[in-house]
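Structure first, commentary second.
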Amino acid sequence: MFSVRRAVYGLVLIVALHGCSWLTGTDVYVNKQYDANLKPGGRLAIVPITQLGPSLTCTGQCPPMEEVTDRSFQEFFTKFSDEVQMVSIARTRTFFQGNPDLRSQLIALNFSSQELANDPGLRKILRGQELASIREELGDANLLLVPARFELVPHLGSVVGYSEFRLYDLDSGSMIFSTSRNLTVNRGDEIGRGLMAIVLISHSKSDFAKLYLKRGGDGP
């Protein structure tokens, strides 16, 4: 039943995607102080999304939104396995469920304009020993993708999505890049929320490909 439900929902999303209109805005920051060469033996951990708001009306089969986001991260980012191995999203979810204060710190972390010009990163809130502990707990991950903002907001029969994803080097603590988006899809039900979540995560995958892996033309 689980696989059938997921397949039906995925089919509805594909059909709906072609029938929706989108409005979008994007901001990109790249840390010019960071050595942009690929890390050897790259292992990527992704902080899971936990606060997704209340469900909307669902026509058909709609799995829980956490399932939608976890599955999207896993499927999108394992496509880069020839260059970067992904730590399973199940493992990172378990880790951050046991360390909610750390997750809150990562999400809340902000940088001033001066800090952004001078190699911003996790050293603002974490010591070297703490970074080493996180790497060990997350399967020797040396890259961390943080959804600093991820909101799915119903508004006048549409769903508005806001996202900000930040990629950090877990060895040095440096932030490598940050991208933020706002999107609007003209579907205001749970399918619209699912669409928005998948498209925002797909964009984060494309940003990772372009800004870290230096791949071109990897669209969402």
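Values below: all heavy atoms of this structure, side chains included; hydrogens, waters and symmetry mates excluded. All figures in this text were calculated on a predicted structure; none of them were measured in a lab. Quick note: residue numbers are just sequence positions, from 1.
- A salt bridge does not link Glu137 to Arg91: none of the charged side-chain nitrogens sits closer than 4.0 Å to a carboxylate oxygen.
- The closest side-chain heavy-atom distance from Leu109 to Tyr168 is below 4.5 Å.
- Taking each heavy atom of Val159 and Met196 in turn, the nearest pair found is O-CE, 3.3 Å.
- Checking side-chain atoms of Asp70 against main-chain N and O of Ile89 turns up no donor-acceptor pair under 3.5 Å.
- You'll find the side chain of Arg123 reaches within 4.5 Å of the side chain of Ser174, heavy atoms only.
- Between Phe208 and Phe77, the gap from one ring centroid to the other is short of 6.0 Å.
- Contact check for Lys124 versus Glu115: side-chain heavy atoms found under the 4.5 Å cut-off.
- The closest donor-acceptor contact from the side chain of Arg103 to the backbone of Pro48 lies under 3.5 Å.
- Outside the 6.0 Å centre-distance limit, the rings of Tyr29 and Phe177 are not counted as a close aromatic pair.
- A cation-pi arrangement is present between Arg149 and Tyr162, with the terminal nitrogen or guanidinium carbon under 6.0 Å from the aromatic centre and inside a 45° cone about the axis.
- For the pair Pro100 and Gly98, the tightest heavy-atom approach, listed with the atom from each and the gap, is CD-C, 3.4 Å.
- Side-chain contact of Glu164 with Ser178: a donor-acceptor pair under 3.5 Å is present, judged by distance alone.
- Nearest heavy atoms, Arg135 versus Ala141: CG-O, 3.2 Å.
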Derivation of the salt bridge (Lys or Arg N to Asp or Glu O under 4.0 Å) call for Asp189 and Arg193: CA-CA 7 Å; Asp189 57 7; Arg193 285 210 324 146; over 6 Å; no
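- Put simply, CD1 on Ile49 and CD on Glu66 are 9.5 Å apart, with the number rounded to the nearest 0.5 Å.
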